[in-house]
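Inspection log for the structure reproduced underneath, given as structure tokens.
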Amino acid sequence: MYSTKLKSDTRRYIAKCIVNRNGPRVVDFVVDTGAKYTCCSSMSLGVKLKEEQMADRESKLLGGMISGSTLRVYKYHVHQFTIGTVDMGEQDIWITFDPRATDDVLGMDLLRTVFFLQNADKEELLFSKNIDELLQMTGI
């Protein structure tokens, strides 16, 4: 199980995630249950790719992430994606090369595969792959 506290300065939950393609990288993702996709900047991953090299990959235009304008993202396969200590194994995420992207977003495509619970009293968000573990740790 993994927990993260609400950041008082931004009023956001930030989850430390391990993303591993050609070596592990710890990335701070904003937990966003309103986001359909998990998306991050190629710079956050330390990817030494150029956008032109992604031409053969599946891509999408996402709207609303940057002042209502669109953002092109590319499907990117990682060998490991871990939310805190909750290992999700191999996953497809979306990356962008757009320098306007300042937040890395943990969206519902990955969040729907784990159990998570907000504890409003403690201002924390709890993650687990197992509902029994989550319930036991919260005392529910």
Side-chain angles (χ1 to χ4, degrees):
M1 189 165 87
Y2 169 69
S3 70
T4 184
K5 291 281 192 182
L6 188 65
K7 302 296 180 200
S8 59
D9 57 335
T10 61
R11 304 304 296 168
R12 296 171 152 187
Y13 287 106
I14 305 294
K16 291 211 173 287
C17 298
I18 299 169
V19 184
N20 189 349
R21 168 76 184 232
N22 294 321
R25 183 106 172 178
V26 177
V27 180
D28 289 341
F29 281 84
V30 175
V31 179
D32 187 347
T33 59
K36 189 172 182 179
Y37 302 107
T38 297
C39 179
C40 66
S41 165
S42 62
M43 294 188 64
S44 295
L45 298 180
V47 174
K48 292 182 167 81
L49 290 172
K50 301 285 185 209
E51 187 168 7
E52 300 78 38
Q53 294 173 285
M54 302 295 280
D56 63 333
R57 304 268 178 115
E58 182 180 346
S59 70
K60 296 180 181 298
L61 281 176
L62 300 181
M65 292 185 70
I66 302 171
S67 302
S69 63
T70 59
L71 179 74
R72 179 156 304 276
V73 295
Y74 299 88
K75 188 178 271 191
Y76 189 72
H77 186 78
V78 296
H79 303 297
Q80 173 193 12
F81 193 96
T82 303
I83 302 172
T85 58
V86 180
D87 186 358
M88 302 175 67
E90 292 188 37
Q91 296 292 327
D92 289 325
I93 62 174
W94 297 87
I95 64 169
T96 185
F97 295 87
D98 194 318
R100 300 174 300 158
T102 57
D103 291 329
D104 300 316
V105 176
L106 182 58
M108 287 306 295
D109 57 341
L110 296 186
L111 288 172
R112 71 173 186 230
T113 66
V114 296
F115 295 93
F116 60 98
L117 175 71
Q118 178 190 5
N119 182 334
D121 292 336
K122 293 183 179 180
E123 293 190 332
E124 68 182 352
L125 194 59
L126 307 164
F127 295 89
S128 177
K129 284 291 275 182
N130 181 317
I131 187 66
D132 294 329
E133 176 188 41
L134 185 63
L135 294 175
Q136 179 183 6
M137 294 301 286
T138 59
I140 296 176

Which of Val78, Thr82, Asp109 passes side-chain contact (heavy atoms from CB on, under 4.5 Å) with Gln91? Answer is Val78
Would you mind telling me which of Ile14, Leu106, Asp104, Thr102 makes a side-chain contact (heavy atoms from CB on, under 4.5 Å) with Val30?
->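 Running side-chain contact (heavy atoms from CB on, under 4.5 Å) over Ile14, Leu106, Asp104, Thr102 with Val30 returns exactly one hit, Ile14.
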Shortest non-hydrogen contact from [X] toward [Y]:
X: Asp32; Y: Leu111; result: O-CD1, 4.3 Å
X: Met1; Y: Phe127; result: CG-O, 3.0 Å
X: Tyr76; Y: Met54; result: CD1-CE, 4.1 Å

Would you call Arg11-Glu123 a salt bridge at under 4.0 Å N-O?
->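 So Arg11 pairs with Glu123 through a salt bridge.
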Side-chain contact, heavy-atom cut-off 4.5 Å: Phe116 with Ile83?
->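 With C-beta onward as the side chain, the pair stays apart.
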Value rounded to 0.5 Å, distance of CD in Glu90 from CG in Asn20 | 10.0 Å
Phe81/Phe29 aromatic ring centres below 6.0 Å =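 Close enough - the centres of the two rings lie under 6.0 Å apart.
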Are there more than 12 heavy atoms of other residues, nucleotides or ligands under 6.0 Å from atom NZ of Lys5?
-> yes
Met108, CE atom: more than 12 neighbouring heavy atoms under 6.0 Å = yes
Can you name the one residue among Glu51, Gln53, Glu58, Arg57 that meets side-chain hydrogen bond (donor to acceptor under 3.5 Å, both in side chains) with Tyr74?
-> Glu51
